[in-house]
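Report on the structure given below.
Each chain gets a letter, A, B and so on, in the order the sequences are listed, and its residues count up from 1. No experiment lies behind these values; they were computed from the predicted model shown. When reading the values below, keep in mind they use all heavy atoms of this one structure, side chains included, and skip hydrogens, waters and symmetry mates.
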2 protein chains.
Amino acid sequence: MNLTKKAQVTRQHILDTGYRLVLHRGFAAMGLMEILKECGVPKGSFYHYFASKEAFGCALLQQYVDEYIEKLARLLAETGNGRESLMRYWNAWIADPTSSSDSANPVQGWADDCLVVKLAAEVADLSEDMRRVLDAGVQQLLARIAALIDEAREDGSVPDGAPSPALARMLYQMWLGAALLTKLSQNRMPLHQALIATETLLACDQTPPNVPIT
Amino acid sequence: MNLTKKAQVTRQHILDTGYRLVLHRGFAAMGLMEILKECGVPKGSFYHYFASKEAFGCALLQQYVDEYIEKLARLLAETGNGRESLMRYWNAWIADPTSSSDSANPVQGWADDCLVVKLAAEVADLSEDMRRVLDAGVQQLLARIAALIDEAREDGSVPDGAPSPALARMLYQMWLGAALLTKLSQNRMPLHQALIATETLLACDQTPPNVPIT
DNA sequence: ATAGAAATAAACCGGTCGTCTAGTGCCATG
DNA sequence: CATGGCACTAGACGACCGGTTTATTTCTAT
């Protein structure tokens with residue numbers, strides 16, 4: 001029992017360091033030895049916990065998705081009307097209000113730790129399994145954002161407009177693009193601009209011609 | 001002289017097949033042998049034409065950027081007012097009007113062949129040189145789009161609104177995100193939705209609070 | 001015919017993922 | 001307390017592929 005618990009800890013340790021590494025190197029470029037050396041786990045153990053590198057990747061992504069949704073729930077649990085909650089989320093992309101930032105850890109937001117930004121393009125062609133996990137996570141998130149928009153509209157803090165699923169996706173796309181350009185240009189301006197644009201879009205109450213919603 | 005020309009052809013051949021492969025496998029995951037086997041060039045030759053894999057990557061990206069700008073110029077050379085030109089560009093993301101599509105080559109647009117979508121996240125952390133090439137290309141493109149918006153506003157086909165550089169970037173980000181989600185979900189709906197959103201945004205003449213530009 | 005550049009072939013070394021066998025520690029049962 | 005069994009650790013090993021370098025051949029121009 002205690003033993004099993006310790007084993008789970010080891011498995012978790014592998015996943016955590018894997019996350020840190022994959023965030024910067026990418027999935028294919030990250031070797032297993034790199035992870036295992038860093039957390040002092042022998043190779044034999046790895047294949048005890050995971051059937052393959054791909055299976056490991058799936059577990060990694062699944063855990064990331066789950067934790068993301070949880071983190072979002074915690075962020076939204078604070079007080080504030082619908083619009084404030086929504087904007088708290090987008091603001092977190094730029095700077096996570098719950099994480100402290102000192103000189104060693106410069107100001108960072110969710111955009112900097114986002115595996116969708118880092119891996120979506122790579123994984124989409126690499127592994128069907130990993131693609132599905134990440135895609136399902138994104139769909140889940142989009143649904144939550146859409147619901148958030150609906151709530152904000154119900155309490156009157158956001159005006160009516162485009163269908164909430166369409167608007168949610170549009171906003172998310174914009175932030176993905178902003179995070180990508182920020183990575184590429186090493187300049188956080190796109191993120192700040194996205195924040196302004198988000199406010200504009202939320203205020204924009206003109207409904208576009210019918211958008212097919214999936 | 002003829003020889004030199006033939007050499008250039010070989011080099012070009014390597015770059016072209018490299019582009020096709022990197023578009024699906026990614027840069028790190030694509031081995032040199034994969035390229036060289038496909039175009040029948042021996043390994044030794046590769047290092048005659050390119051100093052390293054990274055240098056090859058830079059040349060690949062540089063050529064991609066240059067061709068992209070040219071392709072854009074050709075697309076915009078056709079008749080139409082400013083707004084029509086602009087929308088022709090975004091439409092091309094979904095389906096390139098200049099490329100024929102048959103059953104073997106299903107309908108494809110620029111989004112499917114975009115190296116920014118595929119490589120930005122990977123390259124940003126992998127190689128400073130490659131990052132710079134791609135970033136410079138994006139900046140060049142953004143400037144062109146902003147100019148296009150200005151032209152459209154001058155001929156009255158697009159209303160005034162947010163500063164054109166900010167609007168251009170916002171639109172581009174949205175399309176990047178849409179292309180990413182399309183790859184991830186294997187569903188082209190995000191692209192179509194981006195098209196609707198683009199029209200809405202162009203019509204939206206409310207200026208957001210001052211946006212610091214670049 | 002020959003000097004020298006252009007192009008190629010082959011060897012190199014390190015790292016890849018994954019397998020496999022051996023060994024350790026812990027728990028439950030007799 | 002012994003013993004068998006299971007979860008886990010340990011790391012050597014294999015086959016292969018990574019990018020790079022060096023040596024060699026091929027060709028052209030003088």
Check: Where do A/Ser164 and A/Asp150 land on the side-chain hydrogen bond (donor to acceptor under 3.5 Å, both in side chains) test, with the steps shown first?
Finding: CA-CA 7 Å; A/Ser164 63; A/Asp150 287 333; 3.0 Å; yes
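- For residues 27-48 of chain B, the pairs satisfying salt bridge (Lys or Arg N to Asp or Glu O under 4.0 Å) are B/Arg20-B/Glu38, B/Arg25-B/Glu34, with sequence neighbours left out.
- Listed by first and then second residue, the salt bridge (Lys or Arg N to Asp or Glu O under 4.0 Å) pairs that reach into residues 66-78 of chain A are A/Glu78-A/Arg88, sequence neighbours excluded.
- Residue B/His48 has no polar side-chain atom (N or O) positioned under 4.0 Å from OP1 or OP2 of C/dA6.
- For the pair B/Arg25 CZ and C/dT16 P, the interatomic distance rounds to 20 Å; values are reported in whole Å.
- Rounded to whole Å, atom P of D/dA7 lies 15 Å from atom CZ of A/Arg11.
- Every residue was checked against the ring-ring contact (aromatic ring centres under 6.0 Å, His included) condition with A/Phe27, not counting sequence neighbours, and none meets it.
- When the side-chain hydrogen bond (donor to acceptor under 3.5 Å, both in side chains) test is applied to B/Asp113, no partner is found at least two apart in sequence or on another chain.
- Note on B/Ser45: every side-chain N or O is 4.0 Å or more away from OP1 and OP2 of C/dA9.
- In this entry the distance linking CG of A/Leu36 with P of D/dC8 reads 16 Å, nearest Å.
- Atom CE in A/Met33 sits about 13 Å away from atom C1' in D/dC13, given to the nearest Å.
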Contact list (N/O, under 3.5 angstrom) for nucleotides 20-23 of chain D vs protein:
| residue | atom | partner | partner atom | Å |
| --- | --- | --- | --- | --- |
| D/dT20 | OP2 | B/Tyr47 | OH | 2.4 |
| D/dT20 | OP2 | B/Lys53 | N | 2.9 |
| D/dT20 | O5' | B/Tyr47 | OH | 3.4 |

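- Between the CD1 atom of B/Ile35 and the P atom of D/dC17 there is a distance of 16 Å, rounded to whole Å.
- Rounding to whole angstrom units, NE2 of residue A/His13 and P of D/dC8 are separated by 17 Å.
- Applying the ring pair (Phe, Tyr, Trp, His ring centres under 6.0 Å) test to every pair with at least one member in residues 103-130 of chain A, sequence neighbours left out, gives these pairs: A/Tyr68-A/Trp110, A/Tyr89-A/Trp110.
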